[in-house]
Amino acid sequence: MQIELAVALVLVGFFLLMWSADVLVDNASELAGKLGISTLLVGIIVVGFGTSAPELFVSAMATLDGKGNLALGNALGSNITNIGMVLGTAALIRLMPVERHTATRDIPIVLISGLLAVGLIFDGMLSMLDGFLLLAVLIAYLSWSAKTQRSPQTSDTESDISIDSENAHPKKSTLMLSVWVIGSIIILMAGSKILVSGAVTIAEYLGVGELVIGLTIVAIGTSLPELAAAIAAARKGVHDMILGNIIGSNVFNTLGVLGLTGALQATEIDTSALLRDFPVMLAFTLLMLIFAITKGRFGRTEGAILLIGYISYIAYLITTSV
């Protein structure tokens, strides 16, 4: 495959992922409302899965193609990108206060899920058993979240999505909404396949390992929906939506994406991920937790620190890998 065609495939894949993920979230939210499903449950499952759907499908396709470390890099890179680039950029646009329970309950779950993943793969393998354990914890987390019924940021997010969905598709029937949901999932899968194919070709052309290409170009591409949503929410002052999406997306990436990767195929972990990328992911998560607890907000100073840290990390990856 020529490098020009590979670049074109990556761009097309990015567009399909962003568009289809947006369509999936909007239509699935409206469909859930029509079917009378709990609004909190919609916020947790639809919003969390919807924003992580690109990472989930990219990682699944990469794993099935025998590119397990590309899938691993995508999950880790997306988590780092969500905190460093997405949260950092949003905080630069507008001050975001943090609710106390978000700082003491929701953000620590992101850190705990990361530590669990590190503990399971510390032996250098993401086994099928590890994958199923991570998926089981994800199911337990979703069940617990649904039962608590008291997450303000989820509530705000789901309300905004429901309003947007009603304005965008006021006359869609249940059947049409179902068709849109199924169609968007199919397009997600196609876009993921196209993106992985182009990204692997670019990696081979540049002499870059699949882990690094997953941490950078693929991770940034699959995090663009979160970035676009965060910028829009920051301009409107809907800070709970930003934090809720980042928290939910990172938990899904760690438990769902890594879990699915292991469940589909046992993967030998690149040592760079253990020694460099997992610690960076945990460091960004810990920094987010510290800012939330000690500052009670994410302002321009915190945003600048996160964004500069992220840019430095990406620059280090590129300069040491090419």
Side-chain angles (χ1 to χ4, degrees), residues 1-24 51-82 84-86 89 126 182-228 253 257-258 260-262 264-273 276-277 280 310-322:
M1 185 188 299
Q2 294 182 345
I3 188 64
E4 293 83 3
L5 177 58
V7 172
L9 288 177
V10 169
L11 294 176
V12 170
F14 281 173
F15 171 78
L16 290 176
L17 286 170
M18 288 186 291
W19 180 80
S20 57
D22 183 61
V23 171
L24 172 61
T51 55
S52 292
E55 288 91 339
L56 187 67
F57 283 109
V58 164
S59 295
M61 294 300 174
T63 301
L64 292 174
D65 282 345
K67 303 290 183 180
N69 276 292
L70 177 61
L72 175 68
N74 181 33
L76 295 178
S78 293
N79 281 0
I80 295 169
T81 301
N82 284 343
M85 183 178 77
V86 177
T89 300
L126 177 60
I182 295 173
S184 63
I185 291 175
I186 293 174
I187 295 173
L188 267 173
M189 295 176 67
S192 302
K193 182 70 175 177
I194 292 171
L195 189 149
V196 170
S197 177
V200 170
T201 299
I202 293 173
E204 294 172 349
Y205 177 81
L206 297 175
V208 177
E210 62 185 43
L211 174 64
V212 173
I213 207 71
L215 286 163
T216 54
I217 186 170
V218 178
I220 293 172
T222 54
S223 291
L224 288 178
E226 284 93 338
L227 179 62
N253 287 341
V257 175
L258 289 183
L260 182 61
T261 298
L264 289 174
Q265 182 175 304
T267 300
E268 185 175 353
I269 304 299
D270 189 319
T271 54
S272 295
R276 179 193 62 203
D277 305 312
V280 169
Y310 176 73
I311 293 173
S312 300
Y313 167 69
I314 294 299
Y316 174 79
L317 283 179
I318 295 174
T319 55
T320 58
S321 301
V322 177

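Every residue was checked against the side chain to side chain donor-acceptor pair (under 3.5 Å) condition with Asn69, not counting sequence neighbours, and none meets it.
With hydrogens and angles ignored, the 3.5 Å screen pairs no side-chain donor or acceptor of Thr89 with any backbone N or O of Val86.
Using a 4.5 Å heavy-atom threshold, the side chains of Leu195 and Met61 count as separate. For the pair Leu72 and Asp277, the minimum side-chain heavy-atom distance is 4.5 Å or more.
Taken from CG in Asn74 to CG in Asn79, the straight-line distance is 9.5 Å, to the nearest 0.5 Å. To the nearest 0.5 Å, the span separating CG on Leu126 from CD1 on Ile269 amounts to 5.0 Å. Taking CZ of Arg276 as the reference point, atom OH of Tyr313 lies at 5.5 Å (rounded to 0.5 Å). Atom OG1 of Thr81 and atom OH of Tyr310 lie 3.0 Å apart (nearest 0.5 Å). Taking CD1 of Ile311 as the reference point, atom CE of Met85 lies at 10.0 Å (rounded to 0.5 Å). Separation of atoms CG (Leu64) and OG (Ser59) is listed at 10.5 Å; rounding is to 0.5 Å.
Minimum heavy-atom separation, Val257 to Ala75: CG1-CB, 3.7 Å. The shortest heavy-atom contact between Ser78 and Asn253 is CB-ND2, 3.6 Å. Minimum heavy-atom separation, Leu9 to Gly198: CB-CA, 4.2 Å. Minimum heavy-atom separation, Gly13 to Ile194: N-CG2, 4.1 Å. The two residues Ala199 and Val10 have their closest heavy-atom pair at N-CG2, 3.5 Å.
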